[in-house]
Amino acid sequence: MGPTGLAVRGSRGLLRQIREAMAGQIPAQAKLDMVVRIIARSMVAEVCSLYLRRSHGDLELFATEGLAREAVHVTRLKAGEGLVGEIVRLGRPLNLSDAPNHPAFAYRPETGEDPYHAFLGVPLLRGGRGIGVLVVQNATTRTYSEEEVEDLQIIAMVLAELVGSGDILGEAELRDVEIAPHRPERVKGAKFADGLAFGVAVLHEAPVAVGHLLSDDPVAEEARLKVAVNGLQAQIDQMLEGEGGLIGASYEVLDTYRMFAHDRGWNRSLEEAVRSGLTAEAAVERVRSEHRARLGKAKDPYLRERLHDLEDLNDRLLRHLSGDGDVARELPDNAILIARNLGPADLLEYDRTKLKGILLEEGSTASHAAIVARALDIPCVGRLPGLRDRLSQGDPVIVDAESGEAFLRPRPDVIKAMNARLEVRTQRKAEFAKLRDTPAFTRDGAKITLLMNAGLAVDLDILRETGAEGIGLFRTEFQFMVAEELPRLEAQTSLYQKVFEAADGMPVTFRTLDLGGDKLLPYMEAEREENPALGWRAIRMGLDRPALLKMQVRALIWAAKGRPLRIMFPLVANVDEFRAARAMVDNEVAWALRRGRPAPSRLDVGAMIEAPSLIWHLDALLPMTDFVSVGTNDLMQYLFAADRGNPRVADRYDPLSPPALRALKTIQSACAETGTPVSVCGEMAGRPLEAFALTALGFDRLSMPPAGIGPVKQMVLSCDREAASRGVNTLIKSAAGSIRNEIETLARKLYVAV
Ligand code: PEP
Ligand code: MG
């Protein structure tokens with residue numbers, strides 16, 4: 001802060017005065033009136049006004065010194081309206097020498113504003129959101145100095161905290177103000193992993209709560225800050241230079257991160273905030289708010305990622321300040337994890353027995369976090385924008401992934417209803433468990449083989465519990481995605497061996513690496529592609545980089561140790577690709593034999609049907625495969641030209657529609673004619689209603705997330721397949737875009753449990 005700054009004039013004194021005014025035993029309005037008066041006097045301004053945002057979004061004048069008092073609680077501006085609205089929209093200060101000439105200026109006669117030219121407004125930011133605006137004005141045409149802008153920002157930050165934490169206004173006054181995350185709220189998102197959970201909010205990488213805002217000893221505080229910043233820098237440097245150093249892209253990412261940590265501007269902003277009288281923690285929060293406001297609106301994905309880095313850095317610094325910079329993530333029992341988004345590795349860092357639910361601001365059903373959540377059977381609701389700002393660490397939360405909702409700080413009656421539903425679910429789970437050893441035959445005697453999808457060692461623990469007859473899809477890329485560096489031959493062999501052992505003789509279908517698209521590896525260079533879903537991924541990458549694919553096939557053969565082995569290739573779009581891949585497997589078997597290793601006692605090589613092109617070349621494909629598996633997640637995205645990872649379009653189509661079901665029927669019929677075993681292993685196979693349609697179409701091998709097996713088995717046991725088949729085959733002739741309701745009605749008419 002410069003020599004003319006408030007720091008020199010005594011900002012600490014001012015902040016203290018504000019705090020005292022707010023602590024007094026006087027009505028809330030009188031407190032605010034006093035605060036604006038103190039600020040106006042200290043800033044030598046003729047006007048000081050405070051606007052707060054109501055829940056409907058309008059900014060309301062809450063207190064003023066200098067403008068007409070009748071305007072208080074009368075003047076309202078929409079977000080983006082007037083200079084005040086503009087400040088909230090931009091999330092940064094506006095410093096104008098002649099406000100009435102600014103294009104955004106909105107004249108409000110009730111305020112008597114005409115004579116004021118100089119205008120300085122700063123946003124009140126809480127959790128990166130603008131919750132209000134603090135304005136000072138002077139009659140003369142002047143520009144406020146940079147120091148004055150800084151001063152007002154510090155005051156605004158303290159005010160935002162005090163207002164938001166309920167220190168300034170009581171609950172009654174705050175009821176309608178959009179700053180108080182203490183009211184019950186119900187928010188609608190999208191269901192990513194089924195289930196219900198009640199627990200307490202744990203903010204992913206949650207910052208340590210900032211308790212004290214004002215320091216008594218800025219010199220000591222600056223020293224604390226320095227120690228923490230040094231600790232943080234050393235930690236990051238060590239991450240880069242330490243033993244087992246990182247390679248390739250992940251090094252670059254961390255190096256950028258290190259640059260931020262050493263950034264002089266960042267350090268200077270922190271020091272200045274501390275010198276003005278804030279605690280080191282409050283200084284971190286203040287600088288963070290600015291970053292969020294500035295970068296949060298950036299459309300460029302690169303900049304948004306940088307914001308993520310900065311957030312992470314701030315959190316780390318707070319942890320260093322509290323003295324536990326290196327402590328691992330601890331969870332309370334019944335934790336509900338709250339995050340913007342999660343990588344698959346993030347989830348695995350938490351104790352699974354304590355993690356009861358997940359709420360995400362972003363993501364999609366097909367995102368990593370969602371797939372891992374389903375694999376671990378943890379209820380997950382996503383697409384809840386702004387969630388992290390509406391919750392505090394430790395708030396009670398309900399995850400209702402049945403309806404795709406979350407209840408924040410639920411009322412007792414909601415908790416009671418929720419507990420009743422949880423009990424029903426537990427009972428149903430117990431019923432499913434009882435069915436575990438019952439083979440899945442339809443009422444008219446058709447055997448349906450129910451298999452489990454897996455991809456991580458943790459999945460294998462529950463294989464027996466589910467009653468699945470094997471693993472129909474083992475996603476081998478998960479091991480690669482959660483690893484710090486490329487898993488070598490030994491690591492791969494060791495995981496596959498574990499899978500064989502856990503399966504204990506039951507069949508396992510290993511799918512070779514399905515990387516690329518949305519599944520990128522931090523340690524592998526990948527060019528950014530315009531359309532990753534249509535890009536260099538899966539078998540395309542495998543055939544172009546044969547060393548990687550060969551190594552994997554070798555690991556599978558070694559791990560099989562003479563047992564039967566099933567391998568399938570993802571995203572085959574052309575029969576030549578399958579031919580080449582199959583030849584590679586044959587070569588590897590021959591190579592293993594030459595090396596004196598046992599060949600698998602039986603080798604089945606299959607293709608996934610995910611690219612629509614194959615539907616018109618099944619006559620060529622099927623004779624060269626030992627089996628096929630329909631990956632409906634991808635098949636649907638390509639059939640409907642709708643990116644499965646893009647929330648805007650992912651749910652626009654319905655697999656229970658004539659085109660989708662007719663495509664599936666074509667595949668099933670061709671397989672039946674040629675006697676080629678066929679399964680469905682996309683997520684739809686694990687949903688009872690969809691599984692009902694698949695069974696009706698003639699599919700008798702379904703592979704699904706573990707949680708689907710109980711409900712799908714119940715469906716199978718209650719299903720008359722002949723009748724279902726007649727019904728569904730008629731319905732798919734429909735001219736409707738979706739026949740979900742019709743299929744559901746059919747199932748109910750046939751008393752099928754869907
Ligand atoms: C699919 O696409 O349906 C599938 C099972 O594979 P993944 O979800 O791993 O792409
Ligand atoms: Mg797929």
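Each ligand, and each atom within it, is numbered from 1 in the order the structure gives. The figures here come from the full heavy-atom set of this structure, side chains too, leaving out hydrogens, waters and symmetry mates.
For ligand 1, the atoms closer than 4.0 angstrom to any heavy atom of Leu473 are 5 (C). Set against the non-hydrogen atoms of Gly631, the atoms of ligand 1 under 4.0 Å away are 1 (C), 2 (O), 3 (O). The contact set between ligand 1 and Cys681, taken as ligand atoms under 4.0 Å from a residue heavy atom, comprises 5 (C). Under a 4.0 Å criterion applied to the non-hydrogen atoms of Glu610, ligand 1 contributes the atoms 1 (C), 2 (O), 4 (C), 6 (O). Interface atoms of ligand 1 facing Asp514, defined by a heavy-atom separation under 4.0 Å, are 10 (O).
A donor atom on one side chain and an acceptor atom on the other are found under 3.5 Å apart for Gln552 and Thr476. Looking at Arg701 and Ser679, their side chains never bring a donor and an acceptor atom within 3.5 Å of each other.
Shortest distance from the Mg ion (ligand 2) to Glu610 is reached at OE2 (N/O/S atoms only). The Mg ion (ligand 2) lies closest to atom OD2 when only the N/O/S atoms of Asp634 are considered.
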Worked check of side-chain hydrogen bond (donor to acceptor under 3.5 Å, both in side chains) between Lys550 and Asn587 = CA-CA 9 Å; Lys550 271 187 199 163; Asn587 278 340; over 6 Å; no
Applying side-chain hydrogen bond (donor to acceptor under 3.5 Å, both in side chains), run through Asp634 and Gln637 and close with a yes or a no.
-> CA-CA 5 Å; Asp634 276 318; Gln637 85 162 337; 2.9 Å; yes
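Relative orientation of the Phe578 and Phe569 rings is perpendicular, given thresholds of 30° and 60° on the angle between their planes.
Ranking protein heavy atoms by distance to atom 6 (O) of ligand 1, first place goes to Arg511 NH1, 2.9 Å.
With a heavy-atom cut-off of 4.0 Å, Leu635 does not touch ligand 1 at all.
The shortest N/O to N/O separation between Glu477 and ligand 1 does not fall below 3.5 Å.
Ligand 1 has Arg644 within reach: a non-hydrogen atom of the residue lies less than 4.0 Å from it.
Under a cutoff of 6.0 Å and an axis angle of 45°, Arg566 and Phe510 do not form a cation-pi pair.
Within the coordination shell of the Mg ion (ligand 2), defined by N, O or S atoms under 2.8 Å, Asp514 is absent.
Under a 3.5 Å cut-off, the side chain of Arg582 and the backbone N or O of Arg579 do not form any donor-acceptor pair. At distances below 3.5 Å, at least one donor-acceptor pair connects side-chain atoms of Tyr638 with backbone N or O atoms of Ala533.
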